[in-house]
Amino acid sequence: MLLLNYVMATVFAFKYSGAFNVPVMVGAHALLAVILVMRAAKLGAAGYTKDAVNSFYRWIWNLFYAEYFVYVII
């Protein structure tokens, strides 16, 4: 669901380009999406152990905090 949110944010950046700073919005959300996919792949490679799930969960929160930072710039 979070990945879909990042994809839609990039789509809306182009659709409503007058309302957003397009390079920042697209770049930031693309970067956050890549980080999410990499962390999910790492979680799968770790076999969904408790420690791996906890680490993934912490990264989800880091992505949310990064979104607050991006929000100020766009």
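Only this structure's heavy atoms are used, side chains among them; waters, hydrogens and symmetry mates stay out.
Nearest heavy-atom pair across A13 and V26 is CB-CG2, 3.7 Å. Looking at every heavy atom in both residues, L3 comes nearest to A33 through CD1-CB, 3.7 Å.
Looking at W61 and Y57, their side chains do bring a donor and an acceptor atom within 3.5 Å of each other.
Sorted by first and then second residue, the ring pair (Phe, Tyr, Trp, His ring centres under 6.0 Å) pairs with a member in residues 16-54 read Y6-H29, F12-Y16; sequence neighbours excluded.
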Side chain to side chain contact (heavy atoms under 4.5 Å, CB included), that's the test. Do L32 and E67 meet it? Break it down for me. CA-CA 8 Å; L32 295 175; E67 190 68 36; 3.6 Å; yes
What do the steps show when you test T49 against V53 for side chain to side chain contact (heavy atoms under 4.5 Å, CB included), and what is the final call? CA-CA 6 Å; T49 64; V53 170; over 6 Å; no
Does the side chain to side chain contact (heavy atoms under 4.5 Å, CB included) test come out yes or no for F56 and L36, once each step is laid out? CA-CA 9 Å; F56 182 75; L36 176 64; 4.1 Å; yes
Could you please spell out the steps behind the side chain to side chain contact (heavy atoms under 4.5 Å, CB included) verdict for K50 and N54? CA-CA 6 Å; K50 183 179 179 182; N54 285 339; 3.9 Å; yes
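Hydrophobic clustering keeps V24 apart from I35 (ILVMFWY residues linked when any side-chain heavy atoms are closer than 4.5 Å, directly or through intermediates). Under a hydrophobic clustering in which Ile, Leu, Val, Met, Phe, Trp and Tyr are joined whenever their side-chain heavy atoms come within less than 4.5 Å, directly or via other members, Y71 and F64 fall into different clusters. I73 and V70 fall within the same hydrophobic cluster, defined by Ile, Leu, Val, Met, Phe, Trp and Tyr side-chain heavy atoms under 4.5 Å apart, directly or through other members. In the hydrophobic clustering of ILVMFWY residues, with side-chain heavy atoms under 4.5 Å counting as a link, V7 and M25 come out apart. No continuous path of hydrophobic side-chain contacts links F14 to I74 [ILVMFWY only; heavy atoms under 4.5 Å].
Residues that satisfy the side chain to side chain contact (heavy atoms under 4.5 Å, CB included) test with S17, not counting sequence neighbours, are V22. Partners of V34 under the side chain to side chain contact (heavy atoms under 4.5 Å, CB included) rule, at least two apart in sequence or in another chain, are M38.
When side chains are defined from C-beta on, R39 counts as touching S55, because their heavy atoms get closer than 4.5 Å.
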